[in-house]
Amino acid sequence: MPSYAGVDNPGMLRSGARAGSLIVWIGGPITAGGGVGSDADRMSTLVSAQLDLTEKNYASVTAKVSDGLVTRCYAARDDKSYDHGQVAYVVLAGGLENPISALSAVIYKAKDAVNECHKAFPNARIVWAASPGSLAGMPDEKLADTVTVTAAILGQARATDCLAIDMRKVLGTDTALQATGILPNAEGHERLAEVLIDAIRDDQGQPIDQPITPGRNYSSGLTDWVSRQVDATRRREAEKREANRPTGTELGGVTQKLDELTQAQGVQQVLLEQQQDELDAHQQELEQQQQKLQSQQTQLTKHQNELEAQQKSLKSAQDAIKQAQDQLAKIVGDQGDQVNTLKTLTESLQKTDEKIDTIQRTLWENQQKLDNRIDKLDERVQKLENGTSA
C-alpha cells in the first residue's frame, strides 16, 4: 500500500474525483500565505495549480478554528461572484493557532465550519487539513497540546464525512522549513502542498499502479495466447494492488482504528480535565460567594441590631418628647392662669392709677385754691398792717 505522509486514514472516505473547476480555501495565517513573500508560493495556490482548479481563498491571518474560521465560511458563502455548484473542493485548514484552553470551542467550531461549507457548496468534497505549520521552537507542553487539538479536529472531520488529513507532523520541528513561529517558509509551503495533493489524489481513487490495457499481438496464435495470459496476470495484480491500496492491510486498519480511538480518548480526557477544572473554579467561586454572603449576612445582622438599638433609643426619645410636651402643656396652662391673673391685676392697677391721677389732680386743684386763699389772706394782712400804721 502506498504511503502518504500526513494523510490521516489514507484511502478512507474515498469519493472519487469531483466535478467542478473551483477550489475554495478557508483558514488562518498559513492558508493566507503567511511566511512567504508571494501568493504564488503559498500552499493553497500550489495545490490549486496542481489540481488544475481555480483558487478562491478566504483565509485570514487572524482566523483561528475556535474564533474566526466560521466567519470566513460566511464570507465564502456570501460571495456570489461565481457559481457555487462549480466548487469541487473546499479545504478547511488550521489548528496550531489554538491553545488547549479553547479545545471545546475548537470541536464545535470545526463542526460548524463543515456544516456551513456543506450548505454553501453542496457538490464539493470537504477537506480538513488539520494543524498545518511549523513546530520548530515550540515548548514541550505546547507540542503536547497541539496533539490533542489536532486529534479533536480530525475526529470532527471524520464525524462530518470530510477527508481528514493530519498535517501536524509534515514540517515537524525542522527549522529549515520555518519562517517564524508556526509560519512555514516557501519550502515549507511546498512540502505542505505536496502532502495535500497526494491526499486528494488518493481520495479521488486514482491508482498509483495504473491498470495495464491489454494489447493484441497477431504474430502467432501461441504468442497471442501468451501475451493475453501475461496481460491478464498483470491486470489481476494491478487490480489486487488497487483493491488493497485504499483499505490497507487488516493489521494496518486495526492499528489505524486503535490510533483514532486513542486520540479520541485523549481528547475526551482533556475535555474532562478542563471541565473538572472549570467545575473546581466554579466551586471556589461558589465558596467565595458563600463566604461573601455569610459576611454580608453577619453585617446585616449587625445592622439589624444597630437598627433595633436605634429604634429603642428613638422610642425613648419619643417618650421623653411626649413627657416634655405634657409638661409644656401644663406649664402653658399654668401660664395661661397666671396671664389671666396678671391681666386682672394690670387692669386693677390701671384703675388705681386712674384714681391716683384723679386724687393728684384734686390735690393739685385744692393746692391751687389753698394758695389763692393764702395769697388773699396775705393781701388782707398787709392791708391791715398798713392801716394800723397810719
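Not measured: the values here are computed from a predicted model.
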Answer yes or no: is there a donor N or O on one side and an acceptor on the other, between the side chain of [X] and the main chain of [Y], under 3.5 Å?
| X | Y | answer |
| --- | --- | --- |
| Thr358 | Glu354 | yes |
| Asn372 | Gln368 | yes |
| Arg72 | Ala59 | no |
| Glu347 | Gln350 | no |
| Asp145 | Pro99 | no |
| Thr298 | Gln294 | yes |
| His189 | Gly34 | yes |

State, with a plain yes or no, whether a side-chain heavy atom of [X] is found less than 4.5 Å away from one of [Y].
| X | Y | result |
| --- | --- | --- |
| Glu194 | Ile197 | no |
| Tyr89 | Leu196 | no |
| Arg201 | Leu51 | yes |
| Gln318 | Leu314 | yes |
| Val149 | Ile100 | yes |

Among the clusters formed by ILVMFWY side chains lying less than 4.5 Å apart, do [X] and [Y] turn up in the same one?
| X | Y | value |
| --- | --- | --- |
| Leu177 | Val36 | no |
| Ile26 | Tyr82 | yes |
| Leu46 | Ile30 | no |
| Val70 | Leu92 | no |
| Leu143 | Met167 | yes |

Inset, instruction - Output, in order, the C-alpha distance, side-chain angles, deciding distance and verdict of side-chain contact (heavy atoms from CB on, under 4.5 Å) for Lys109 and Asp67. - result: CA-CA 8 Å; Lys109 290 294 185 180; Asp67 181 19; over 6 Å; no
Distance in Å, [X] [atom1] paired with [Y] [atom2], rounded so as to fall on 0.5 Å steps:
| X | Y | atom1 | atom2 | answer |
| --- | --- | --- | --- | --- |
| Glu306 | Thr301 | CD | OG1 | 11.0 Å |
| Ser131 | Asp166 | OG | CG | 7.0 Å |
| Gln297 | Gln291 | CD | CD | 15.0 Å |
| Thr150 | Leu96 | OG1 | CG | 6.0 Å |
| Thr175 | Leu135 | OG1 | CG | 12.5 Å |
| Asp41 | Glu187 | CG | CD | 12.0 Å |

Legend entry - salt bridge (Lys or Arg N to Asp or Glu O under 4.0 Å) between Lys315 and Asp319, worked out: CA-CA 6 Å; Lys315 183 64 168 58; Asp319 292 341; 3.1 Å; yes
Over all heavy atoms of both residues, which pair between [X] and [Y] is shortest? Give the atoms and the distance, please.
| X | Y | answer |
| --- | --- | --- |
| Ala32 | Arg42 | O-NH1, 3.4 Å |
| Ala63 | Pro29 | O-CD, 3.9 Å |
| Ala176 | Asn185 | O-ND2, 2.8 Å |
| Leu154 | Ala130 | CD2-CB, 3.7 Å |
| Gly85 | Asn123 | O-ND2, 3.3 Å |
| Ala105 | Ser66 | CB-CB, 3.8 Å |

Within a radius of less than 6.0 Å around [atom1] of [X], do more than 12 heavy atoms belonging to other residues, nucleotides or ligands occur?
| X | atom1 | result |
| --- | --- | --- |
| Asp112 | CG | yes |
| Asp83 | CG | yes |
| Glu141 | CD | no |
| Lys292 | NZ | no |

Legend entry - Flag for Thr160-Trp128: side-chain donor and acceptor within less than 3.5 Å: no
Inset, instruction - May I ask you to check whether Asn57 and Glu55 show a side-chain donor-acceptor distance below 3.5 Å? - result: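 Their side chains do contain a donor-acceptor pair, which is all the 3.5 Å distance test asks for.
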Legend entry - Ile200/Gln204 under side-chain contact (heavy atoms from CB on, under 4.5 Å): CA gap, chis, key distance, verdict: CA-CA 6 Å; Ile200 293 173; Gln204 290 174 344; 3.9 Å; yes
Inset, instruction - Take Asp203 and Arg125 through the test salt bridge (Lys or Arg N to Asp or Glu O under 4.0 Å) and record every step on the way to the result. - result: CA-CA 10 Å; Asp203 183 66; Arg125 176 74 159 127; 2.9 Å; yes
Inset, instruction - Check step by step if salt bridge (Lys or Arg N to Asp or Glu O under 4.0 Å) holds for Lys376 and Glu379. - result: CA-CA 5 Å; Lys376 289 179 179 181; Glu379 289 177 357; over 6 Å; no
Inset, instruction - Would you check, one step at a time, whether the test side-chain contact (heavy atoms from CB on, under 4.5 Å) holds for Met138 with Ile182? - result: CA-CA 9 Å; Met138 193 174 289; Ile182 66 170; 4.0 Å; yes
Inset, instruction - Give the intermediate values and the outcome of side-chain contact (heavy atoms from CB on, under 4.5 Å) for residues Lys119 and Glu116. - result: CA-CA 5 Å; Lys119 289 186 292 184; Glu116 290 298 328; 3.4 Å; yes
Inset, instruction - Check the pair Lys322 / Asp326 against salt bridge (Lys or Arg N to Asp or Glu O under 4.0 Å), numbers first and verdict last. - result: CA-CA 6 Å; Lys322 181 65 169 59; Asp326 293 341; 3.1 Å; yes
Inset, instruction - Assign the ring pair His84 / Phe121 to parallel, tilted or perpendicular, where the plane angle (0 to 90°) is split at 30° and 60°. - result: tilted
